[in-house]
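One structure is given below, encoded as structure tokens.
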Amino acid sequence: CVAMRVRSSHIVGIVLLVIVLFVLAAAMLDRGRETAGGGGAAASQGPPAIRLERDTLNMGVISNTEPTTMPFTVRNVGGQPLQILAASGSCPCTWVEIEDREVPPGGSTTLHVTMDPFQIAGFESSKSVSVRSNDPARRVTVFKVICEIQPEFYVEPMSLDFGERVKGE
């Protein structure tokens, strides 16, 4: 019989080989998961998810003679198509038109928000728009719409001085 001596360098080499094979196998398994859905891992996983461009649409000073419309972007950051079921304003002075009701993963659509100055009391308005979708985490998403109605007239000068008068005169 021939006796073999195992050296410590052999053990270190075998351990390193096992570690390298394990890392390669884990990388191949993870890569297989990314490509299984046909797209990237982020785009193909999970339900639809709505994300608003911002929390508030500031329309600034709008005309007092006709409705004003501004765009507002809604994105789908989820992995499935997002369905915009409805979008409505909090009062009759605010309404919304939806450009595309189905938003693909990673895509966006535009909401056209209109404010009607004839139905707003006063010169400043703060309303809200509710967007209903198939996002399971946020079935209803709300953003604020603010504007200032251009006054019909201005008083010049801004302050009037009638001098000193006795009460009742």
Side-chain angles (χ1 to χ4, degrees), residues 30-169:
D30 191 42
R31 187 175 188 182
R33 285 187 190 141
E34 285 181 9
T35 58
S44 66
Q45 295 179 358
I50 191 169
R51 178 165 299 154
L52 302 178
E53 177 180 34
R54 54 191 179 269
D55 294 338
T56 302
L57 173 60
N58 185 346
M59 298 181 84
V61 178
I62 66 170
S63 168
N64 62 15
T65 60
E66 60 187 345
T68 300
T69 302
M70 288 191 77
F72 188 83
T73 303
V74 175
R75 300 190 185 292
N76 179 6
V77 295
Q80 300 295 318
L82 176 72
Q83 299 289 326
I84 305 294
L85 305 173
S88 59
S90 59
C91 85
C93 66
T94 309
W95 65 88
V96 183
E97 292 180 20
I98 305 165
E99 202 166 280
D100 295 311
R101 290 187 176 270
E102 184 167 321
V103 185
S108 65
T109 188
T110 301
L111 305 179
H112 298 280
V113 180
T114 302
M115 294 289 279
D116 185 353
F118 295 114
Q119 297 184 28
I120 298 174
F123 295 110
E124 293 181 3
S125 177
S126 177
K127 306 298 180 194
S128 62
V129 170
S130 300
V131 181
R132 284 191 328 111
S133 71
N134 65 337
D135 178 347
R138 297 174 70 184
R139 295 279 182 199
V140 177
T141 306
V142 179
F143 65 92
K144 203 171 171 181
V145 180
I146 58 174
C147 71
E148 186 177 323
I149 312 300
Q150 184 179 34
E152 294 178 26
F153 58 88
Y154 294 95
V155 176
E156 292 286 335
M158 291 302 285
S159 65
L160 299 175
D161 183 11
F162 294 105
E164 290 187 29
R165 301 278 177 233
V166 177
K167 185 174 179 179
E169 284 185 3

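What you see is a predicted model; the values in this text were computed from it and never measured.
- For E97, the CD atom sits in a loose shell: 12 or fewer heavy atoms of surrounding residues, nucleotides or ligands are nearer than 6.0 Å.
- One finds the OG1 atom of T69 at 6.5 Å from the CE atom of M59 (value rounded to the nearest 0.5 Å).
- Contact of the K144 side chain with the S126 side chain is registered, since non-hydrogen atoms from C-beta on lie closer than 4.5 Å.
- Using a 4.5 Å cut-off on side-chain heavy atoms (C-beta onward), R139 and N134 make contact.
- In this structure, NZ in K127 is found 8.5 Å from SG in C147, a value given to the nearest 0.5 Å.
- A donor-acceptor contact shorter than 3.5 Å is absent between the side chain of E99 and the backbone of T110.
- Side-chain contact between V103 and V74: absent, with no pair of heavy atoms (C-beta onward) separated by less than 4.5 Å.
- Listed here is the closest heavy atom pair of I98 and A86: CD1-C, 4.2 Å.
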Step-by-step side chain to side chain contact (heavy atoms under 4.5 Å, CB included) determination, V145 to T56: CA-CA 6 Å; V145 180; T56 302; over 6 Å; no

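- With hydrogens and angles ignored, the 3.5 Å screen pairs a side-chain donor or acceptor of S63 with a backbone N or O of T65.
- Between P47 and P136, the shortest heavy-atom contact is CB-CG, 3.7 Å.
- How far CD of Q119 is from OG1 of T94: 8.5 Å, rounded to the nearest 0.5 Å.
- Screening residues 55-90 for disulfide (SG to SG under 2.5 Å) gives no qualifying pairs among residues at least two apart or on separate chains.
- Scanning both residues, L57 and P71, for their nearest heavy atoms gives CD1-O, 4.0 Å.
- A donor-acceptor pair is defined here as one N or O able to donate and one able to accept, closer than 3.5 Å; no such pair exists between the side chain of D55 and the backbone of F143.
- Note that the CZ atom of F123 and the CG atom of N64 stand 8.5 Å from one another [nearest 0.5 Å].
- Side-chain contact between V61 and E148: present, with at least one pair of heavy atoms (C-beta onward) separated by less than 4.5 Å.
- Counting only residues at least two apart or in different chains, disulfide (SG to SG under 2.5 Å) contacts with residues 72-141 comprise C91-C93.
- In terms of heavy atoms, S125 sits closest to M115 at OG-CE, 3.4 Å.
- Atoms OG and CD1, on S128 and I146 in that order, are 12.5 Å from each other to the nearest 0.5 Å.
- The two atoms that bring T114 and P67 nearest to each other are CG2-CB, 3.7 Å, heavy atoms only.
- The two residues A49 and D135 make their nearest non-hydrogen contact at CA-OD2, 3.4 Å.
- Side chains of V131 and F72 form no contact here, defined as non-hydrogen atoms less than 4.5 Å apart.
- From T109, atom OG1 reaches atom CD of E102 across 11.0 Å, with rounding to the nearest 0.5 Å.
- Using modelled atom types, one side-chain atom of R101 and one backbone atom of L85 make a donor-acceptor pair closer than 3.5 Å.
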